[in-house]
Amino acid sequence: MPAPLIGPSSPIFIVLNAGAGSADAAATRQIVEEGCAAAGRRHRIFVVDERATVQALAREAVERARGVGGVVVAAGGDGTVNAVAQATLGSGLAFGVLPQGTFNYFSRTHGIPLDTAAALQVLLTEQPRPAQVGLVNDRIFLVNASMGLYAELLEDRESYKARYGRSRWIAFSAGLLTVMRGHRHWNLRMAWRGQERDLRTPTLFVGNNPLQLLQVGIEHADAPENGQLAAVALKPVNVLAMPGLLVRGALGRLGSADEVLSFPFESMTVKASRSHGPRRVKVATDGEIAWAEMPLLFRVSPEPLWLVRPDTAPELEAAKE
């Protein structure tokens, strides 16, 4: 599918998550309205609140944009971006991001500024470029997908954020408490590129974001830039070893740990290595938790997301140095 063409008359349809991060939704809305008015750009804002879900508004935004060749935009954190991208993928429409979350890995990887006014200027002046999408069964992920301990860590992190606020230190503290609580080991059979391997592991993580992979020090961090995903699994470890691994990840040295297995792939099937294994597992995609049927099929989407972004990404380039 060719890249969609957008221009000064292409309207913008924005799904704004009023609860994402610490950003003030009213201020974001004002910046968008003033910036679009100054550029003479038609726009409509769909506000996510207790009356309407991200998914429902994303579908409506796509339908509205489809008829007029518009741009569908997610204003929120990685979870909001994922939901709007899920609705946009395969529609032939351009996709944009106004980052509002805590980590914003997707936007940072693609050179989209964290400042709302600057990110809006990218939407108003740049063209769509392909961005790789990962799939686990029928769900997309732009940053990562996981099962096991990492998915539990994300679930606990959201609970702590709801109680104590959103910050990286709260996220780290929540992770430390989760790994010290003890964890289940999974017996998995993984098949990729004609290879098959049985593995007992507390967690399986699949990365689609080079910036995140670089920051924790994974060996195959460049896999998403080469049309691949990066699998990361822990070998069986006891509870006392987990805080050390968490610290190694925070310091960007996780990939050098003997307990870590990683490899790149384009498509991989994961199932229970025993006949009485679980039929469903909790899977996290870009921080959002849901049940998924086994076996899990992780793969690179055959079509990209057409992301409106600059042609350079300074933060990603700096992380490689």
Side-chain angles (χ1 to χ4, degrees), residues 78 82 85-86 89-90 105-106 109 130-154 183-214 216-237 245 249 254-255 257 259-305:
D78 286 329
N82 176 288
Q86 178 90 48
L89 184 68
Y105 277 118
F106 180 70
T109 293
Q132 178 172 291
V133 175
L135 296 172
V136 51
N137 293 359
D138 60 347
R139 296 179 62 197
I140 78 165
F141 58 97
L142 304 176
V143 180
N144 61 59
S146 62
M147 61 165 289
L149 180 60
Y150 189 81
E152 293 174 21
L153 188 152
L154 293 175
H183 46 271
R184 169 184 178 176
H185 284 81
W186 298 79
N187 295 299
L188 303 177
R189 175 163 294 170
M190 304 185 298
W192 75 99
R193 287 190 304 191
Q195 304 179 61
E196 196 166 75
R197 175 169 181 164
D198 288 333
L199 180 68
R200 181 171 170 80
T201 180
T203 191
L204 174 64
F205 173 99
V206 176
N208 185 37
N209 186 277
L211 180 60
Q212 185 185 46
L213 294 168
L214 281 166
V216 297
I218 296 301
E219 181 181 356
H220 302 287
D222 62 347
E225 297 178 285
N226 297 321
Q228 298 176 307
L229 303 170
V232 183
L234 295 183
K235 299 172 186 177
V237 293
L245 290 173
L254 185 62
E259 300 90 343
V260 174
L261 168 71
S262 66
F263 57 87
F265 70 92
E266 294 177 8
S267 178
M268 177 176 69
T269 301
V270 176
K271 60 183 179 181
S273 60
R274 298 175 180 175
S275 58
H276 58 275
R279 295 183 178 180
R280 296 197 309 160
V281 295
K282 280 186 178 181
V283 173
T285 50
D286 297 341
E288 301 298 313
I289 312 292
W291 288 98
E293 299 289 331
M294 293 285 273
L296 302 177
L297 174 60
F298 294 92
R299 61 192 174 101
V300 175
S301 170
E303 55 187 321
L305 192 64

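Along the sequence shown, the residues carry numbers beginning at 1. When reading the values below, keep in mind they use all heavy atoms of this one structure, side chains included, and skip hydrogens, waters and symmetry mates.
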Would one find more than 12 heavy atoms of other residues, nucleotides or ligands at under 6.0 Å from atom CZ of R193? yes

In terms of relative ring orientation, are F141 and F298 parallel, tilted or perpendicular, with 30° and 60° separating the classes? perpendicular

Which distance, rounded to the nearest 0.5 Å, do you find between the NZ of K271 and the CE of M294? 10.0 Å

Would you please test Q212 and N144 for side-chain hydrogen bond (donor to acceptor under 3.5 Å, both in side chains) and show each step? CA-CA 9 Å; Q212 185 185 46; N144 61 59; 3.0 Å; yes

Can you check whether L211's main-chain N or O pairs, donor with acceptor, with N209's side chain at less than 3.5 Å? yes

Heavy-atom closest pair, residues D198 and R189: OD1-NE, 2.7 Å

With a 4.5 Å heavy-atom cut-off, do M190 and F263 have their side chains touching? yes

Do you know the tightest heavy-atom contact between T269 and P295? CG2-CB, 4.0 Å

Taking the side chain as every heavy atom from C-beta outward, state whether T201 and L188 have any atom pair closer than 4.5 Å. yes

Are any of the side-chain heavy atoms of L142 and L305 separated by less than 4.5 Å? yes

Examine distances only and state if a side-chain atom of N187 and a backbone atom of R200 form a donor-acceptor pair shorter than 3.5 Å. no

What's the shortest heavy-atom distance between P224 and G207, and which atoms? CG-O, 4.2 Å

Looking at G134 and L229, what are the two nearest heavy atoms and their distance? CA-CD2, 4.3 Å

What do the steps show when you test Q132 against N208 for side-chain hydrogen bond (donor to acceptor under 3.5 Å, both in side chains), and what is the final call? CA-CA 8 Å; Q132 178 172 291; N208 185 37; 2.8 Å; yes

Do the non-hydrogen side-chain atoms of V283 and L296 ever get within less than 4.5 Å of each other? yes

Within the side chain of T203, is there an N or O that forms a donor-acceptor pair under 3.5 Å with the backbone of S146? no

Could you tell me if the side chain of L89 sits less than 4.5 Å from the side chain of I140, heavy atoms only? yes

Mind checking the OH-CG spacing from Y105 to L213? Nearest 0.5 Å is all I need. 9.5 Å

Residue pair L234 / V260, side-chain heavy-atom distance below 4.5 Å: yes

Close side-chain approach of W186 and L204, heavy atoms under 4.5 Å: no

Residues G90 and E303: closest non-hydrogen pair is CA-OE1, 3.4 Å

Calculate, to the nearest 0.5 Å, the distance between atoms CD and OG belonging to E196 and S273 respectively. 10.0 Å

Starting at CG of N82, measure out to CZ of R139 and round the result to the nearest 0.5 Å. 7.0 Å

When rounded to the nearest 0.5 angstrom, what is the spacing between OG in S262 and CD in E219? 5.0 Å

In the structure I gave you, are the side-chain heavy atoms of P210 and T109 within less than 4.5 Å of one another anywhere? yes

Ignoring hydrogens, what is the shortest heavy-atom contact between F265 and V206? Give both atom names and the distance. CZ-CG1, 3.7 Å

Do side-chain atoms of N137 reach the backbone of L297 as a donor and acceptor pair under 3.5 angstrom? yes

Nearest 0.5 angstrom please: D138 CG to Q86 CD, how far? 7.0 Å

